[in-house]
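These notes are about the structure you will find just below.
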Amino acid sequence: MRKSRLSLFKSTSMLISVVGIIMIVSTIIVVAYVGYSMVSEGITDEISSGTQYDELAELKSSYSDLVMKFDSVKSTYYAGGSEQVQVYNDARLELSRANSAIENVQSALDAGKPSNEVDSRIDFAKEKLKSANDAYNTL
């Protein structure tokens, strides 16, 4: 009777030890996975953010070129009369909308918004810049 209790105690304590080791190993694996995921996600976000900053710089450059084009024809339209001034101001309004959209992209990047939201704002800014360019071409 005494031997069977001792045997039962040994097998129970061995089982507890094995389960403890398995739990420790599984905890280490889970923590390593979570750490790897966080680091991987951070790197991916930084790469995506870098690309978005490049697109923002491209948008700003296109906007600056368009502003120079608008400024070069401004005196012509202001010398023409009130109807031509109105046409120029309407086109210039599209340029202002494009600038607001570009600033919106900048604020999203500065605030650390999610990548998909920044991408949608970049697409919107590209549309506004295109409409401003179309407005200039109709002048």
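None of these values were measured; they are calculated from a predicted model. The analysis underlying the following values was restricted to heavy atoms, covering all of them including side chains, and did not include hydrogens, waters or symmetry mates.
For Ser61 (side chain) and Ala57 (main-chain N/O), no donor-acceptor pair under 3.5 Å exists by modelled atom type.
Summarising the geometry, atom CG belonging to Leu109 is positioned 9.0 Å from atom OG belonging to Ser115; distances are rounded to the nearest 0.5 Å. From Tyr33, atom OH reaches atom OG of Ser26 across 15.5 Å, with rounding to the nearest 0.5 Å. Distance check: Leu56 CG to Glu103 CD gives 10.5 Å after rounding to the nearest 0.5 Å. Distance CG/Asn89 to CG/Leu95: 11.5 Å, rounded to 0.5 Å. For the atom pair OG of Ser64 and CD1 of Ile102, the computed distance is 8.0 Å after rounding to the nearest 0.5 Å. Rounded to the nearest 0.5 angstrom, Gln106 CD and Tyr53 OH are separated by 6.5 Å.
Heavy-atom minimum distance, Tyr88 versus Lys74: OH-CB, 3.4 Å. Of all non-hydrogen atoms in Leu66 and Asn133, the two that sit nearest each other are CD1-OD1, 3.5 Å. Across all non-hydrogen atoms, the minimal contact from Ala98 to Ala132 is CB-CB, 4.3 Å. In terms of heavy-atom proximity, Arg121 sits nearest to Ser107 at NH1-OG, 3.9 Å. Taking both residues in full, the closest heavy atoms of Leu129 and Tyr63 are given as CD1-CA, 4.0 Å, listed atom of the first, atom of the second, then distance. A pairwise comparison of heavy atoms in Lys113 and Val118 identifies O-CG2, 3.9 Å as the closest pair.
A salt bridge does not link Lys69 with Asp65: every distance from a Lys NZ or Arg NE/NH1/NH2 to an Asp or Glu carboxylate oxygen is 4.0 Å or more. Comment: Glu94 engages Arg97 in a salt bridge, judged by a side-chain N to carboxylate O separation of less than 4.0 angstrom.
Heavy atoms from other residues, nucleotides or ligands lying under 6.0 Å from CD of Glu58 number 12 at most. Counting heavy atoms of neighbouring residues, nucleotides and ligands inside a 6.0 Å radius, atom OH of Tyr136 exceeds 12 of them.
The one candidate from Ile22, Leu15, Ile16 that meets the side chain to side chain contact (heavy atoms under 4.5 Å, CB included) condition with Val19 is Leu15.
Side-chain contact between Asp71 and Arg92 is present, with heavy atoms from C-beta onward closer than 4.5 Å.
There is a path of hydrophobic side-chain contacts, each under 4.5 Å, that joins Tyr78 to Phe70. Hydrophobic clustering (ILVMFWY, side-chain heavy atoms < 4.5 Å, transitive): Val31 and Met23 are in distinct clusters.
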